[in-house]
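These notes are about the structure you will find just below.
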Amino acid sequence: MPELPEVETVARTLRPQVQECVLSGAEVLRASSLHPLSLPLAALTGRRIADVGRRGKLLLLHLAPPDGAPESGPAPDMLAVHLRMTGRLMTWPRSTPPGPHTRCIFDLRAPDGDARRLFFDDTRAFGLVLAATPEIRQAWDFWRELGPEPLEIGARAFAALLKGRGAALKAVLLDQKVIAGIGNIYADESLFQAGLDPRRKAAGLSPAQSRCLLAALQDVLRRSIAQCGSSIRDYRDANGDVGAFQNSFAVYGRGGAACVRCGRPLEKIRVAGRATVFCPHCQK
DNA sequence: TCCTCCCTGTTC
DNA sequence: GAACAGGGAGGA
């Protein structure tokens with residue numbers, strides 16, 4: 001399930017494969033994988049991929065401005081991809097046929113003339129692609145309301161995000177409008193590292209606890225990025241490689257096992273509708 | 001603010 | 001053959 005570190009890893013591995021390539025065609029194989037606000041993917045034809053980036057859990061292909069003759073119709077400057085749980089982006093040789101879960105195909109022409117294709121595969125079909133103009137992004141609630149990047153925020157701003165929120169700490173961390181890119185894995189891992197009970201009200205944290213939580217969150221995210229993310233079931237980077245951070249989990253997926261800190265059994269409960277593992281002894 | 005639904009493969 | 005995994009939309 002790609003969260004911030006996994007999407008960051010996909011961006012880093014995909015960049016050398018697609019940067020400076022020109023999109024020579026694009027096709028949607030499953031209509032529901034195209035966001036309703038998206039321009040038709042045909043609008044991407046002829047556009048050059050200037051860079052690959054990330055915002056929260058969104059993978060972004062930044063498109064260079066069109067050169068030459070004026071376009072007919074609006075020109076997208078970005079292709080955004082949300083991988084959700086099972087989305088994958090990988091390039092293949094030109095004539096590779098789509099797989100059973102291929103949702104979109106992007107044909108690419110590299111500067112050296114090499115032809116290849118980028119597949120968006122997504123088993124559970126929760127993922128989305130969206131070809132966007134700046135105007136479309138502003139009309140997209142999810143984009144417009146997306147919270148700040150956790151690795152770019154300071155202690156003061158983080159404390160302000162939690163202020164006045166009566167919801168459980170974990171629910172607040174998962175809320176993309178509060179802070180972007182955190183999913184179930186990194187919420188549980190950072191709450192354990194900070195020694196905080198996931199059910200606690202976010203607003204009840206002391207300034208010291210708030211600082212501690214941000215430090216834990218940033219440390220967990222950075223350590224995971226350094227290990228190319230976590231591969232639980234489906235996640236692969238753009239080279240098809242798995243991450244290694246799943247070997248460093250303290251709590252995620254370890255319900256009933258011994259706490260790495262105190263040895264007592266970890267408890268598995270549901271918070272905000274999500275499976276949640278924590279140590280009742282170490283997390284208060 | 002919380003619950004249900006979407007979707008499919010895996011596990012019990 | 002049911003339970004489960006889970007991000008986000010939409011509704012209660």
Side-chain angles (χ1 to χ4, degrees), chain A residues 1-8 10 28-38 54-60 80-89 98-104 120-130 132 136-137 139-147 149-150 161-191 198-204 221 224 229-236 242-243 245-246 249 251-256 267-278:
Chain A
M1 44 229 69
E3 305 179 25
L4 188 156
E6 291 76 32
V7 180
E8 180 66 30
V10 173
V28 179
L29 302 185
R30 182 178 174 122
S32 66
S33 295
L34 188 68
H35 192 284
L37 289 173
S38 179
R54 177 193 62 75
R55 173 79 173 95
K57 299 176 196 173
L58 291 172
L59 188 288
L60 307 176
V81 182
H82 200 313
L83 301 171
R84 289 285 184 99
M85 257 85 71
T86 56
R88 287 186 194 180
L89 286 167
H101 305 300
T102 303
R103 309 307 184 192
C104 301
F120 173 53
D121 291 284
D122 184 20
T123 305
R124 272 178 261 187
F126 275 23
L128 293 166
V129 304
L130 184 152
I136 287 175
R137 285 198 288 283
W140 185 16
D141 292 345
F142 181 77
W143 178 276
R144 202 182 51 249
E145 298 170 2
L146 201 51
E149 289 290 324
L161 293 176
L162 303 183
K163 200 175 176 183
R165 298 199 179 261
L169 212 34
K170 171 150 178 181
V172 171
L173 289 179
L174 291 176
D175 187 343
Q176 303 300 297
K177 295 195 273 292
V178 176
I179 191 159
I182 313 302
N184 211 27
I185 294 172
Y186 300 102
D188 275 12
E189 291 297 318
S190 57
L191 286 167
R199 300 165 294 187
R200 270 184 81 134
K201 285 192 196 317
L221 293 173
S224 181
S230 312
S231 294
I232 307 303
R233 277 170 281 271
D234 301 276
Y235 165 73
R236 296 289 186 279
V242 297
F245 193 66
Q246 66 278 4
F249 288 164
V251 286
Y252 181 86
R254 297 193 64 242
E267 205 166 299
K268 182 173 177 179
I269 59 173
R270 287 192 91 80
V271 180
R274 302 273 168 255
T276 299
V277 182
F278 75 114

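Quick note on labels: first sequence line is chain A, next is B, and so on, each numbered from 1. Since we're looking at a predicted model, the values are computed, not measured.
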query: Which sits closer to the 5' end of DNA chain C, A:Lys177 or A:Asn184, going by the nucleotide each is nearest to?
result: A:Asn184
Main-chain N/O of [Y] paired with [X] side-chain donor or acceptor, under 3.5 Å:
| X | Y | value |
| --- | --- | --- |
| A:Glu189 | A:Phe249 | no |
| A:Asn184 | A:Ala275 | yes |
| A:Glu267 | A:Gly255 | no |

Whole Å only: how far is the [atom1] atom of [X] from the [atom2] atom of [N]?
| X | N | atom1 | atom2 | result |
| --- | --- | --- | --- | --- |
| A:Leu173 | C:dG6 | CG | P | 15 Å |
| A:Trp140 | C:dG8 | CH2 | C1' | 11 Å |
| A:Arg274 | C:dG8 | CZ | P | 9 Å |
| A:Leu146 | C:dA9 | CG | C1' | 15 Å |
| A:Arg55 | C:dG8 | CZ | C1' | 16 Å |
| A:Phe249 | C:dA5 | CZ | P | 14 Å |
| A:Phe142 | C:dG10 | CZ | P | 13 Å |
| A:Arg270 | B:dC3 | CZ | P | 10 Å |

message: Need one value for A:Lys170: base, sugar-phosphate or nothing, where a base atom within 4.0 Å counts as base even if backbone is also close, heavy atoms only.
response: nothing
- request: Just call it for A:Ala171: base, sugar-phosphate, or nothing, with non-hydrogen atoms closer than 4.0 Å on any strand.
  value: nothing
query: Quick one, which residues of residues 121-130 of chain A touch DNA chain C with a heavy atom under 4.0 Å?
result: A:Arg124, A:Phe126
Quick one: is [X] getting a side-chain N or O under 4.0 Å of the [N] phosphate, OP1 or OP2?
| X | N | value |
| --- | --- | --- |
| A:Gln176 | C:dG8 | yes |
| A:His101 | B:dC7 | no |
| A:His82 | C:dG7 | no |
| A:Tyr186 | C:dG6 | no |

query: With distance as the sole criterion, do the side chain of A:Arg84 and the base of C:dG8 form a donor-acceptor contact below 3.5 Å?
result: no
field: Candidates A:Val81, A:Leu58, A:Leu34, A:Leu37 - the one meeting side-chain contact (heavy atoms from CB on, under 4.5 Å) with A:Leu130
entry: A:Leu37
message: Pairing donors with acceptors under 3.5 angstrom, does anything connect the side chains of A:Thr276 and A:Arg274?
response: no
Pairwise side-chain contact, [X] with [Y], heavy-atom cut-off 4.5 Å (strictly under):
| X | Y | answer |
| --- | --- | --- |
| A:Val271 | A:Phe278 | no |
| A:Tyr186 | A:Ser224 | yes |
| A:Asp122 | A:Leu83 | no |

From [options], nucleotide with atom closest to [X] side chain:
| X | options | result |
| --- | --- | --- |
| A:Lys57 | B:dG9, C:dG7, C:dG6 | C:dG7 |
| A:Arg30 | C:dG8, C:dA5, B:dC7 | B:dC7 |
| A:Ala167 | C:dG8, C:dA5, B:dT1 | B:dT1 |

